[in-house]
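Before any comments, here is the structure.
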Amino acid sequence: MRPSEFEKQDQELDQKLQSEKENVEADTMKIPDLVRQRLDAFYAQMESDMEPLSSSPSSHRPIKRFLRGTAITAASAAVIGVMIIGSAFVSPTMAESLKQVPLVDSVFRLAGDLGLQTADQKGLATSTNLSATHDDITLKVSQIVFDGTRLVIALEKQDGDQEVLPLFSKVSSDGHKPEDIIEQLDLFINGKSVINENGAFRLLTWGPGKDSNSILISYMRDPVSGLPALPNQFELKVYSKLKGVAEPFTIQTTVYKTKIASKVLQPQMNKSTPYLKFTADQVEMTPVTTKVITTFTMLVDLKEMPDDYAIERKYISTEGPHKNYTKKELNVLGYAVFDDQGRELKMLSGSGSSLSKNHPGKTVMLFTPFVEPPKKIIFKPFFNPTEPDGRAILDANGNWIRRYIPELEITMDVPQNTNQK
C-alpha cells in the first residue's frame, strides 16, 4: 500500500473518531464531569498514540490501524453506556443506529437501570427467542432476569406490513401521553395471575424499553405482604392483550433464579422525633437490586402534628350538604439511600401500608444496586410537601421538593462478613 493511501486511511479514522465523539455529545443528556473528563482523556490518548507515518515501520501499521479501529468502537460503546444510564427512553432513530455498535443492542443494556445493565454485561440475564404471533404482529420475550428479589422481562414487538400503535409511548413535554397498543398485561407464575394476588405489596409495573416497540416488565413479591417469596424456579406465562387483536398473546418459559450471592442486613435501627419514628428493618443487596424494608411510626395523634409534618388538605365533595371541607393529613413521607461516598441509589419502585398512630406504616422499596460494596449505608427520611389541593410542590427542575428530617437520619455500618445466600 502506498504512503498516500496510509495517510488517507489515517484521515478517515481521525474523522470517524471525531464524528463518534461529536454525535454522542449531541445526542446525549449531560454526562457527569468526571466521566466526561475520563472519556476526553481516552480520546486524547487514542489520538496521541497514533504515531506519524514517517516514524513507524510499515510492517506495524496494519496492526496499529486495526487496534485503533477497535478502540474507536470500544470508545463508542463506552460513551453509549454512560449515556443510557441517565436516559429512560432511547429514540427509535438512536436505537437503530446503536445496533451497529457491537454488544449494545439488548433492551437491558440500552434501557435498563444500573442493575439490569450489570446483569447484561456480566451474563446474569437469560436471552431468549420466545415469541407469539397474531394478525402479523409478533411479541417476543428477549431477556429475563430474576435475582430472588425482582423479576424483569424485556418484551419486544415486531410489526408486519401494517402500521399499528407502539408498545410504549413516552409522555410529551406538555404532559400528554399518546395512546399505546397494550390493553391488558399480566404475568402468571405457576399458573396464578399476579394481578389477582391479594396483598399491599404486589408490584407489577412496566415502563419504557430501548424504543417505542419494547418495554421492561418488572414484578416483585415480598413475604411482608403475607405471600411467600418467589421460588428459585417457577413456570412463567406472559399474557398480553393488544388493541385491535382478537386473540391474546401468551409466551411461556421456565424461570430460574440467577446464581448470584445476596447480602442480607437486618439492622433494626431506629431514630425518633417527638412525633415520628423511623426504623431501618432490612437491606438485601444483589448485583441487580437493592431491596430495603423500613417502618414509619406515628407517636402522636394527627391533630397534634406540627405544621412541618402535616397539612390541611382541601377537598371538594359532590355529595351531602358540605361540598367543600378540609382534613388534616400527614405530608408524603419518603427516604433516600446513600453509600459512604455520598452516592444516592435510584429508586425503582415500592409500596407501603397506610400510616396512623395505631398502625405503623411498613414500606418495601427497590433501588438500583450499589456501585461498589459500601462500608456504610445512610438512610435520609424526608417529606414531599404538597399544596392544599394535593398538587406536588416542585423545584426549578420539576422535581418534587424534599424536606429532610435530620433527626431521623440513620447511618449503619456494613460488616464484611455478612451472611450471603
Side-chain angles (χ1 to χ4, degrees), residues 29-30 86-89 113 168-180 182 200-208 215-216 218 273-278 292 294-338 344-357 359-368 379-409:
M29 303 292 286
K30 182 180 179 181
S87 175
F89 189 85
D113 54 69
F168 185 87
S169 57
K170 188 172 61 170
V171 178
S172 61
S173 57
D174 61 0
H176 174 68
K177 189 178 188 301
E179 184 181 9
D180 59 48
I182 296 178
F201 293 92
R202 174 186 57 77
L203 292 172
L204 173 64
T205 60
W206 60 90
I215 58 173
L216 289 171
S218 299
T273 71
Y275 313 101
L276 200 62
K277 181 171 76 173
F278 172 70
V292 181
T294 61
T295 305
F296 283 102
T297 305
M298 285 178 56
L299 302 179
V300 299
D301 289 328
L302 188 58
K303 62 183 180 181
E304 300 175 39
M305 285 287 180
D307 292 341
D308 289 347
Y309 284 56
I311 187 171
E312 292 288 340
R313 184 85 65 227
K314 293 181 179 180
Y315 286 92
I316 299 177
S317 175
T318 58
E319 299 179 0
H322 304 290
K323 291 189 176 182
N324 300 331
Y325 66 97
T326 61
K327 180 182 177 182
K328 191 170 187 178
E329 295 181 356
L330 196 67
N331 273 317
V332 178
L333 277 167
Y335 62 90
V337 180
F338 296 82
E344 181 179 355
L345 301 190
K346 177 184 176 183
M347 191 188 75
L348 301 173
S349 62
S351 183
S353 56
S354 59
L355 174 63
S356 64
K357 184 182 178 183
H359 191 283
K362 190 171 288 290
T363 63
V364 177
M365 307 292 287
L366 298 186
F367 297 86
T368 52
F379 304 89
K380 295 186 177 184
F382 56 78
F383 285 117
N384 286 131
T386 60
E387 302 286 358
D389 61 3
R391 288 178 298 136
I393 298 177
L394 307 179
D395 62 20
N397 297 320
N399 300 314
W400 203 342
I401 286 177
R402 295 177 179 178
R403 290 178 180 165
Y404 286 99
I405 313 170
E407 303 91 333
L408 299 183
E409 182 175 314

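Predicted model, so just to flag it, every value in this text is computed and none were measured.
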* **Value rounded to 0.5 Å, distance of OG in S169 from CD in E179** => 8.5 Å
* Ignoring hydrogens and angles, tell me if any N or O in the side chain of W206 forms a donor-acceptor pair with the backbone of F168 under 3.5 Å. => no
* 4.5 Å side-chain heavy-atom contact, T295 and T363 -> no
* Asked: Short question: side chain of N397, backbone of N399 - any donor-acceptor pair under 3.5 Å?
  -> no
* Beyond-backbone contact of M365 with M347, side-chain heavy atoms, under 4.5 angstrom -> yes
* Asked: Which pair of heavy atoms, one from A336 and one from Y404, lies closest together, and at what distance?
  -> CB-OH, 4.3 Å
* Asked: Which is it for K362 and T294 under the side chain to side chain contact (heavy atoms under 4.5 Å, CB included) test, yes or no, and what are the steps along the way?
  -> CA-CA 6 Å; K362 190 171 288 290; T294 61; over 6 Å; no
* What's the shortest heavy-atom distance between E304 and Y275, and which atoms? -> O-CE2, 3.9 Å
* Do I405 and F383 have side-chain heavy atoms sitting under 4.5 Å apart? -> yes
* Rounded to the nearest 0.5 Å, how far apart are OG1 of T368 and NZ of K346? -> 7.5 Å
* Asked: Are the charged groups of E344 and R402 less than 4.0 angstrom apart, N to O?
  -> yes
* **Nearest-0.5 Å distance that lies between atom OG1 in T273 and atom CG in D308** => 10.5 Å
* Check whether any side-chain heavy atom of R391 sits under 4.5 Å from a side-chain heavy atom of T386, and report yes or no. => no
* Taking the side chain as C-beta and beyond, is there a heavy-atom pair between L355 and F296 under 4.5 Å? -> yes
* Rounded to the nearest 0.5 Å, how far does CD of E387 lie from NZ of K314? -> 10.0 Å
* Intermediate values then yes/no, side chain to side chain contact (heavy atoms under 4.5 Å, CB included), V337 and F379 -> CA-CA 5 Å; V337 180; F379 304 89; 4.1 Å; yes
* pair L276-L333: side-chain heavy atoms closer than 4.5 Å -> yes
* Asked: Around D307, counting heavy atoms of other residues, nucleotides and ligands shown, do more than 12 lie under 6.0 Å from its CG?
  -> no
* Check whether the side chains of T205 and S349 place a donor and an acceptor atom closer than 3.5 Å, and report yes or no. => no
* Asked: Rounded to the nearest 0.5 Å, what separation is found between the CG atom of D389 and the CZ atom of R313?
  -> 8.5 Å
* Check: Y335 ring centroid to F278 ring centroid under 6.0 Å -> yes
* Structure fact -> Minimal heavy-atom distance between D180 and I182, with the atoms involved, is OD1-N, 3.2 Å
* Nearest heavy-atom neighbours spanning P388 and I311 -> N-CD1, 3.9 Å
* More than 12 non-hydrogen atoms from neighbouring residues, nucleotides or ligands closer than 6.0 Å to NZ on K177, yes or no? -> yes
* Asked: Any side-chain heavy-atom pair from M298 and M305 closer than 4.5 angstrom?
  -> yes
* Between N384 and N331, is any pair of side-chain heavy atoms under 4.5 Å apart? -> no
* Hey, could you give me the NZ/CD distance between K328 and E312, rounded to the nearest 0.5 Å? => 6.5 Å
